[in-house]
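Presented below is the structure to which this report refers.
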Amino acid sequence: MLQQTRVAAVIPYYQRFLERFPTPAALAAAEEPELLAMWAGLGYYSRARNLQKAAALVAETFPSDYAALLELPGVGTYTAAAVASIAFDQPHAAVDGNVRRVVARLTNDGLVDAGRVADELLDSKQPGRWNQAVMELGATVCLPREPLCEACPVAKWCAARLAGTQNELPLKRKKPEAEYLEKTLLIIRSKGRLLLVPGVRVAGFWDLPEPFKGVRVGAKLGEFKHTITHRHYRFLVFEGVASRIPADGCWFEEEDLGKLPLSTTAKKALRVRV
DNA sequence: CATGCGTGGAT
DNA sequence: TATCCAAGCAT
């Protein structure tokens with residue numbers, strides 16, 4: 001869950017998730033719609049699918065070293081090192097965005113191999129604590145913008161601090177060209193049910209339909225903005241009345257929506273008010 | 001190795 | 001059409 005996601009955003013999800021899936025076996029046995037419903041809002045949904053695959057693999061025997069952890073779907077070098085060091089006291093530097101930033105500044109080198117440097121600096125006697133300490137340093141002191149160098153315990157060894165280049169590091173990769181799109185979403189109700197279709201923007205989730213053959217578009221209910229990676233959407237929300245529904249459309253009781261993987265866009269649309 | 005993947009919060 | 005970026009990973 002923590003991959004590319006802030007700790008504060010994860011915590012409530014983590015708690016609910018572990019209540020519902022207290023063991024690897026429980027997670028492995030879940031149906032994908034419920035899994036996605038539990039994950040909805042966290043983003044990067046392949047993480048959820050990978051975690052479930054991994055749960056099945058670890059249910060019998062949990063891998064206890066870096067190489068075996070790395071084999072698990074969804075576990076890359078960072079996660080394998082984090083678990084190996086924190087849970088099993090093995091000397092692997094966990095290099096996340098925080099550590100890359102700290103190392104780039106410490107060396108004043110935007111092209112530095114952060115993994116190599118972190119492995120050299122690692123306290124192999126307590127690698128878990130070292131990893132968490134460096135990540136925490138990055139999260140609380142060596143901030144992306146305007147780092148708190150005055151409060152930094154390693155400022156006197158920091159080459160960027162000496163050179164005054166801390167605000168220019170680490171180098172950021174250029175982002176893809178933004179795309180701006182406008183879409184219409186339809187709220188179509190009948191007999192206490194809501195019409196949904198398989199999501200076209202986020203796979204595995206149900207979403208509100210866009211205008212289709214056989215629908216009459218009614219009053220505008222509101223609008224909202226939502227961004228998915230580099231695509232910036234403006235969604236216009238209208239009422240609709242369907243004389244016939246799309247082949248892949250499905251009616252759902254309103255009170256069952258909580259158990260469905262419902263897209264963030266659909267959730268936002270159902271909240272809009274003019 | 002560059003790219004795509006989701007979302008929400010901070011600034 | 002704000003912009004950045006988060007305890008990354010797979011392809």
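Reckoned from all heavy atoms, side chains included, excluding hydrogens, waters and symmetry mates. Protein chains get the first letters and strands the later ones, always in sequence-line order, with residue 1 at the start of each. Predicted model, so just to flag it, every value in this text is computed and none were measured.
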How long is the line joining [atom1] of [X] and [atom2] of [N], in whole Å?
| X | N | atom1 | atom2 | answer |
| --- | --- | --- | --- | --- |
| A:Asn167 | C:dC5 | CG | P | 11 Å |
| A:Tyr233 | C:dT1 | OH | C1' | 15 Å |
| A:His232 | B:dG6 | NE2 | C1' | 13 Å |
| A:Asp96 | C:dA7 | CG | P | 7 Å |
| A:Asp113 | B:dC1 | CG | P | 11 Å |
| A:His226 | B:dG9 | NE2 | C1' | 14 Å |

**OP:** Nearest-nucleotide wise, let me know which of A:Lys175 and A:Leu2 is further upstream toward the 5' end of DNA chain C.
**Re:** A:Lys175
Subject >> Nearest-nucleotide 5' precedence on DNA chain C, A:Asn131 against A:Pro73 >> reply: A:Asn131
Subject >> A:Arg47 and A:Asn50: side chain donor to acceptor below 3.5 Å >> reply: no
Is it the case that atom [atom1] in [X] sees more than 12 heavy atoms from other parts of the structure closer than 6.0 Å?
| X | atom1 | answer |
| --- | --- | --- |
| A:Tyr14 | OH | no |
| A:Glu60 | CD | no |
| A:Glu31 | CD | no |

If you check the [X] side chain, which of [options] turns out closest?
| X | options | result |
| --- | --- | --- |
| A:Asn50 | B:dT7, B:dC5, C:dA10 | C:dA10 |
| A:Tyr78 | C:dA6, B:dT7, C:dC9 | C:dC9 |
| A:Arg101 | B:dT7, C:dA6, B:dC5 | C:dA6 |
| A:His230 | B:dC5, C:dA6, B:dT7 | B:dC5 |
| A:Met135 | C:dA7, B:dG6, B:dG8 | C:dA7 |
| A:Asn98 | C:dA7, C:dC9, B:dG6 | C:dA7 |

Original post:
Is the NZ or CZ atom of A:Arg20 both under 6.0 Å from the centre of the six-membered ring of A:Phe17 and within 45° of that ring's axis?
Top reply: no
**OP:** Identify, between A:Gln3 and A:Arg173, the residue whose nearest nucleotide on DNA chain B lies closer to the 5' end.
**Re:** A:Arg173
Are any of [X]'s side-chain N or O atoms less than 4.0 Å away from OP1 or OP2 of [N]?
| X | N | answer |
| --- | --- | --- |
| A:Arg47 | C:dA10 | no |
| A:Thr264 | B:dT7 | yes |
| A:Tyr44 | C:dA10 | no |

Subject >> Under 3.5 Å donor-acceptor pair, A:Thr5 side-chain atoms to C:dG8 base atoms >> reply: no
**OP:** Confirm from the modelled atom types if A:Arg145 and C:dC4 form a donor-acceptor pair under 3.5 Å, side chain to base only.
**Re:** no
Original post:
Expressed as a whole number of Å, how far does the P atom of B:dG8 sit from that of C:dT1?
Top reply: 23 Å
